[in-house]
Amino acid sequence: MRPALWLRRSRAVSTLRRGVWDDNPVYRQILGICSTLAVTNLLVNTVVMDLGLIFATAMSCWTVSLLRNVTPKRVRMMAQVLIIASYVILVDLALKAYLPEISEALGPYVGLIITNCIIMGRCEAFAAKNPPGLAFLDGLGCAVGYSLVLLAIAFFRELLGFGTLFGYPVLPEGVTLWTIMAMPPGAFFMLGLAIWFFRTIQKPREA
Amino acid sequence: MTSQGAFTIFIAAIFINNILLSNFLGMCPFIAVSREVRTAAGLGAAVAFVMTLTSGLNYLVYAYLLEPLGLEYLRYIAFIVVIAATVQLVEMVIERTSPVLYYALGIFLPLITVNCAILGVSLFMVIRQYSFVQSLAYGAGSGVGWALAILAMAGLRRKMKRSRVPAALEGPGITVILAGIMALAFIGFSGMVPM
């Protein structure tokens with residue numbers, strides 16, 4: 001890390017950048033993979049899930065930060081969980097109303113955003129100590145970074161497992177599909193490869 | 001789905017619908033705490049215990065409190081509160097009755113509150129419309145299944161210490177790939193119980 005370069009950038013930009021790239025939640029911190037990995041077999045589901053997660057993370061971080069000076073230390077975890085749960089309920093109700101089919105397909109995973117460790121992690125590590133604007137950007141950056149990696153995973157899983165992208169067939173007839181990609185082990189393999197890939201290309205900058 | 005016997009659900013939750021390997025729940029502790037067999041066993045036991053308890057409690061809360069009042073959309077908050085309260089209670093009871101067990105599980109108990117597998121079991125229970133007994137069986141089965149997976153992973157990782165893994169793949173990367181192979185093996189069980 002070169003301090004001169006960091007100083008030239010505004011704090012907002014560096015906060016965003018850290019979440020998306022430098023400290024990406026998926027391949028650097030290995031946080032919060034649980035709830036969303038399951039929906040990466042189709043791009044449409046992943047996009048909807050990611051949007052919900054970005055909204056919930058950014059808004060939760062903002063709210064936690066707003067309330068950071070009035071929340072008693074002892075109950076702050078509980079308070080954070082309740083704030084997160086409220087936003088997740090909003091996401092869930094909105095999905096049920098406007099995209100009932102996708103809401104059905106996502107099943108319990110929308111609700112599981114609550115226990116997604118990224119949100120709790122960002123609230124606890126950053127939002128509880130920083131002003132609301134920065135906390136919002138931090139949550140946004142982390143959630144976007146997370147979403148990008150998941151989209152990459154979903155892209156390959158849908159392409160290889162179903163031969164489609166966003167439901168449109170793209171592979172020519174006669175190509176053998178990798179059924180395993182549509183099944184749970186495919187998600188694990190793709191995640192492992194993604195971690196490998198990103199950590200490899202990130203290496204030189206770290207030293 | 002709802003007519004399945006409790007025993008079938010129990011077995012299916014361990015092997016076929018393993019909460020970790022086929023639903024991807026509880027991944028964070030699975031990766032972070034699977035370095036040693038001892039700690040993995042402790043966490044696995046704690047999760048199995050709390051999962052059984054909370055699936056039963058959450059069933060009661062959902063069926064007798066939320067549903068009659070038409071407050072189903074509040075279930076996320078209700079379940080989380082029940083889970084947090086249960087974990088706290090279990091911690092206090094264990095501390096009083098069995099100090100040995102308390103020291104073995106102590107550090108892991110608070111962590112369990114945010115283990116997505118616990119909340120996941122309660123949410124699946126609602127979606128699949130299980131009865132009380134079925135919910136208990138499902139909770140216990142999922143807990144045992146999760147404990148089994150993390151124990152197996154801890155054993156594998158101990159053997160892995162001597163292997164040469166590419167630097168960028170070390171730690172979490174290889175663990176995830178191992179989990180994939182494990183999930184592949186568990187697919188072999190899928191013919192066991194007709195779903």
Side-chain angles (χ1 to χ4, degrees), chain A residues 26-40 77-78 80-82 84-93 96 104 107-121 124 180 183-203, chain B residues 17-32 73-81 83-85 88 110 113-128 165-187 190:
Chain A
V26 179
Y27 58 84
R28 297 265 25 137
Q29 311 175 37
I30 323 287
L31 277 186
I33 14 197
C34 343
S35 59
T36 346
L37 198 55
V39 299
T40 52
M77 293 291 249
M78 208 58 228
Q80 287 168 4
V81 170
L82 289 181
I84 298 167
S86 318
Y87 283 113
V88 172
I89 289 177
L90 287 184
V91 171
D92 189 42
L93 290 178
K96 279 210 178 94
E104 188 87 1
Y109 291 101
V110 175
L112 286 168
I113 295 179
I114 299 171
T115 45
N116 189 314
C117 342
I118 299 185
I119 311 192
M120 274 301 266
E124 183 65 18
I180 193 73
M183 285 154 67
F188 284 113
F189 291 137
M190 281 309 300
L191 177 66
L193 292 179
I195 293 173
W196 191 6
F197 174 74
F198 284 112
R199 286 201 168 183
T200 307
I201 57 172
Q202 218 179 25
K203 227 160 207 174
Chain B
N17 292 323
N18 189 293
I19 193 89
L20 181 83
L21 296 170
S22 73
N23 294 323
F24 308 99
L25 297 177
M27 287 280 288
C28 310
F30 176 70
I31 289 173
Y73 64 92
L74 279 182
R75 66 176 182 272
Y76 299 145
I77 289 187
F79 287 176
I80 273 285
V81 171
I83 292 170
Q88 204 117 69
T113 315
V114 286
N115 186 329
C116 28
I118 309 255
L119 181 64
V121 163
S122 295
L123 294 178
F124 272 120
M125 165 193 95
V126 169
I127 288 179
R128 295 182 187 165
V165 178
L169 203 53
E170 244 169 34
I174 195 70
T175 311
V176 173
I177 294 200
L178 272 181
I181 299 174
M182 217 189 264
L184 210 53
F186 270 64
I187 286 185
S190 54

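Just so it is clear: chains get the letters A, B, ... in the order the sequence lines come, proteins before strands, and each one is counted from 1.
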Please work out which of the three classes, parallel, tilted or perpendicular, describes the rings of F124(B) and Y109(A), given edges at 30° and 60°.
perpendicular

Sort out for me which of P108(A), G192(A), G186(A) touches chain B most, counting heavy-atom pairs under 4.5 Å.
P108(A)

To the nearest 0.5 Å, how far apart are CG in N18(B) and CE in M182(B)?
9.5 Å

Need one label for V126(B): side chain, backbone, both or neither, based on atoms under 4.5 Å from any heavy atom in chain A.
neither

Below 4.5 Å from any heavy atom of chain A, which atoms of I127(B) appear? Answer side chain, backbone, both or neither.
side chain

S86(A) to I77(B) - nearest heavy-atom pair and separation
OG-CD1, 4.4 Å

Work out which heavy atom in F188(A) is nearest to a heavy atom in G180(B); give both atom names and the distance.
CB-CA, 3.3 Å

Among L93(A), D92(A), L82(A), who wins on heavy-atom pairs under 4.5 Å with chain B?
D92(A)

Please evaluate residues I114(A) and Y87(A) with respect to the criterion side-chain contact (heavy atoms from CB on, under 4.5 Å), reporting the C-alpha separation (whole Å), side-chain torsions for both, the decisive distance (0.1 Å), and the verdict.
CA-CA 9 Å; I114(A) 299 171; Y87(A) 283 113; over 6 Å; no

Checking M190(A) against chain B: side chain, backbone, both or neither under 4.5 Å from a heavy atom?
neither

Below 4.5 Å from any heavy atom of chain A, which atoms of A179(B) appear? Answer side chain, backbone, both or neither.
both

Can you tell if the side chain of L123(B) reaches within under 4.5 Å of the side chain of Y76(B), non-hydrogen atoms only?
yes

Assert top hit (heavy-atom pairs under 4.5 Å, partner chain A, pool I174(B), I118(B), L21(B)) equals L21(B)

Is it the backbone or the side chain of L20(B) that comes under 4.5 Å from a heavy atom of chain A, or both, or neither?
backbone

